[in-house]
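As structure tokens, the structure follows; a few thoughts come after it.
So you know, we letter chains A, B, ... as the sequences are listed, proteins then strands, and number each from 1. Atoms considered below: every heavy atom in the structure, side chains included; atoms not considered: hydrogens, waters and symmetry mates.
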2 protein chains.
Amino acid sequence: MEELVNYILQFGNLNRQQIDFITGKAKTLELHKDEYFSEAGKIPRSVGFILEGVVRFCYYNNKGEEITHSFVDENNFVSDQQRFEAQVVASEYIQAVTDCKLLVFSKKDWDEIGNTIVGWDAITGLILKNCLLKTIERRSPLVSEDATTRYLSFIEQFPGLVNRIPLSYVASYLGMTQQSLSRIRKNVR
Amino acid sequence: MEELVNYILQFGNLNRQQIDFITGKAKTLELHKDEYFSEAGKIPRSVGFILEGVVRFCYYNNKGEEITHSFVDENNFVSDQQRFEAQVVASEYIQAVTDCKLLVFSKKDWDEIGNTIVGWDAITGLILKNCLLKTIERRSPLVSEDATTRYLSFIEQFPGLVNRIPLSYVASYLGMTQQSLSRIRKNVR
DNA sequence: GAAAGCCTTTACCATTTGGTAAAAAGCAAT
DNA sequence: ATTGCTTTTTACCAAATGGTAAAGGCTTTC
């Protein structure tokens, strides 16, 4: 819970009472590897904050290939935020790629926090902007790099992650086949 | 000017007086092809709204290659927003790729609008989130697609743009060489 | 209209990456 | 330990892309 509070306080000031109000709404949720936090075709039910584990955002392209477009690890918010706010069905999946422990907020509780705490919308707005920028900064360079460079920058950006999750997910995130990734890993060693 | 107002009103309600206050601060700026709107190493001086023309965001990687990471065309805001807000030096360039006509707001005027109009920060926050999401949606799929598919989706996402700007910029946006793009264009025809 | 400069296309070959298939390695359940 | 299942690695060949260089086109300028 402390991690969540520290995270939020980076983006704005809150007093003890406000913090307690927020943390009072958080429920813990455990997800097993491969379970979904949010699914395409369903309305996202909650906003999460990852205490332990890693999740990925993924979707299927028109060839039926599964594309991982981002990973989120410990001490970060995870949510299909636009769809959650609007309460409309999602078009992508958020899936646990390791066992996870999360703090979650229901839509009702999330709205109550917004209606109670002045400045909460500004804080969450900043958090979302931050997450989006991070996603862009991580993903955008992948377009112009060759496969080996993409793999090396993945290792830098997500230290240790490559040892915790299936390589097929890494390959799909990096836009290459599993076989190419395997070959690259051999050459890099 | 009407385009600007319509754009803003998508993200929140403003009365006549507020709208006049905002538009009163806007100055027009003309940029010739290749001129910079914002430069790496300099502090971004203004927020722009494109009335005519197209700009691109670009930077140089560690091999000295120039990478175009996004295009912005008519009726969109253009700004190195994070750096502008914080008034710190930029790490990338924003360059006109055609002659452009813009409405611009200085930092001082932008802040005055924020201090005067209740809800302005919320509106600009939404606008920025929107731009970031659009960037992600456009750029992210490029990682996992082959060169021909990337070119075809570029044509869809920026109709006509390919005829207005140098193909070398398109190639760098799509993460391929100019020669590859040329070959692909021949095969697609 | 000739010259100069830039942008675009072509061509050739080397290298990288993808597709398919099979083998090897790791893991879990019995 | 054996079996069955999934993940990862290899191998082979085809296809796509990059690098270098040169030629062709298109403007601009004088």
Side-chain angles (χ1 to χ4, degrees), chain A residues 32-36 53-54 56 58 60-68 71 95-99 141-155 158 160-189, chain B residues 32-36 53-54 56 58 60-68 71 95-99 141-155 158 160-189:
Chain A
H32 288 107
K33 184 173 185 315
D34 297 340
E35 282 184 337
Y36 292 111
V54 182
R56 63 170 185 150
C58 62
Y60 294 85
N61 69 12
N62 57 17
K63 294 176 204 135
E65 296 161 335
E66 182 185 277
I67 311 287
T68 299
F71 292 106
Q95 184 185 35
V97 293
T98 67
D99 288 348
L142 300 182
V143 177
S144 58
E145 293 168 341
D146 66 22
T148 303
T149 310
R150 295 205 295 279
Y151 174 65
L152 292 176
S153 54
F154 173 81
I155 290 188
F158 298 98
L161 186 53
V162 76
N163 300 316
R164 301 170 63 190
I165 67 179
L167 290 178
S168 57
Y169 295 169
V170 178
S172 110
Y173 177 72
L174 295 177
M176 68 183 80
T177 60
Q178 204 167 311
Q179 293 85 329
S180 293
L181 177 57
S182 179
R183 176 171 41 204
I184 285 162
R185 281 162 56 82
K186 185 173 66 172
N187 294 335
V188 163
R189 237 179 282 134
Chain B
H32 288 106
K33 184 173 185 313
D34 296 341
E35 282 184 337
Y36 292 111
V54 182
R56 64 170 184 151
C58 62
Y60 295 85
N61 70 11
N62 57 16
K63 292 176 204 134
E65 296 160 336
E66 182 185 277
I67 311 288
T68 299
F71 292 107
Q95 184 185 34
V97 293
T98 66
D99 288 346
L142 300 182
V143 177
S144 58
E145 293 169 342
D146 66 22
T148 302
T149 309
R150 295 205 295 280
Y151 174 66
L152 292 175
S153 53
F154 173 81
I155 290 188
F158 298 97
L161 186 52
V162 77
N163 300 316
R164 301 171 63 189
I165 68 178
L167 290 177
S168 57
Y169 295 170
V170 178
S172 112
Y173 177 73
L174 296 177
M176 68 183 81
T177 60
Q178 203 166 312
Q179 293 86 327
S180 293
L181 177 57
S182 179
R183 177 170 40 206
I184 285 162
R185 281 161 57 81
K186 185 173 65 172
N187 295 336
V188 163
R189 234 178 286 136

key: Polar side-chain atom of B:Asp99 near backbone of B:Lys33 as donor-acceptor pair, under 3.5 Å   = yes

ask   = What is the minimum heavy-atom distance between B:Arg164 and B:Thr98, and which atoms define it?
value = O-CG2, 3.6 Å

key: Between C1' of D:dT17 and NZ of B:Lys186, the distance in whole Å   = 14 Å

key: Selected nucleotide, minimal atom distance to A:Pro166 side chain, candidates D:dT8, C:dT17, C:dT9   = D:dT8

inquiry  = Using whole Å, what does the distance between atom C1' of nucleotide D:dA16 and atom CG of A:Asp146 come to?
reply    = 14 Å

task = Would you mind classifying the nucleic acid contact of A:Arg185 as base, sugar-phosphate or nothing, using non-hydrogen atoms under 4.0 angstrom?
result = sugar-phosphate

key: Any A:Ser180 side-chain nitrogen or oxygen under 4.0 Å from OP1 or OP2 of C:dG18   = yes

No-hydrogen, no-angle side-chain donor-acceptor test under 3.5 Å, B:Ser182 and B:Arg185 = no

task = Take the protein atom CG of A:Leu174 and the nucleotide atom P of C:dG18, then report the distance between them rounded to whole Å.
result = 11 Å

ask   = Which of these nucleotides, C:dT9, C:dC12, C:dG18, is closest to any side-chain atom of A:Arg183?
value = C:dG18

inquiry  = Whole angstroms only, please: what is the CD-C1' distance between B:Gln179 and D:dT20?
reply    = 8 Å

request  = Check whether the side chain of B:Gln178 and the base of C:dT9 form a donor-acceptor pair under 3.5 Å.
outcome  = no

remark   = Rounded to whole Å, CG of B:Leu181 lies from P of D:dT17 at a distance of 11 Å

note = Whole-Å distance, A:Asn187 CG to C:dT16 P, equals 9 Å

inquiry  = Looking at B:Thr177, I'd like to know whether one of its side-chain N or O atoms comes within less than 4.0 Å of OP1 or OP2 on D:dT17.
reply    = no

message = Ring centroids only, cut at 6.0 angstrom: are A:Tyr173 and A:Tyr169 within range, meaning strictly under it?
response = no

query = Checking B:Arg56 side chain against B:Thr68 main chain: does a donor-acceptor pair fall under 3.5 Å?
reply = no

request  = Whole angstrom is fine here: how far is it from CD in A:Glu65 over to P in C:dT20?
outcome  = 11 Å

query = How many Å lie between NZ on B:Lys63 and P on D:dG18, as a whole number?
reply = 11 Å

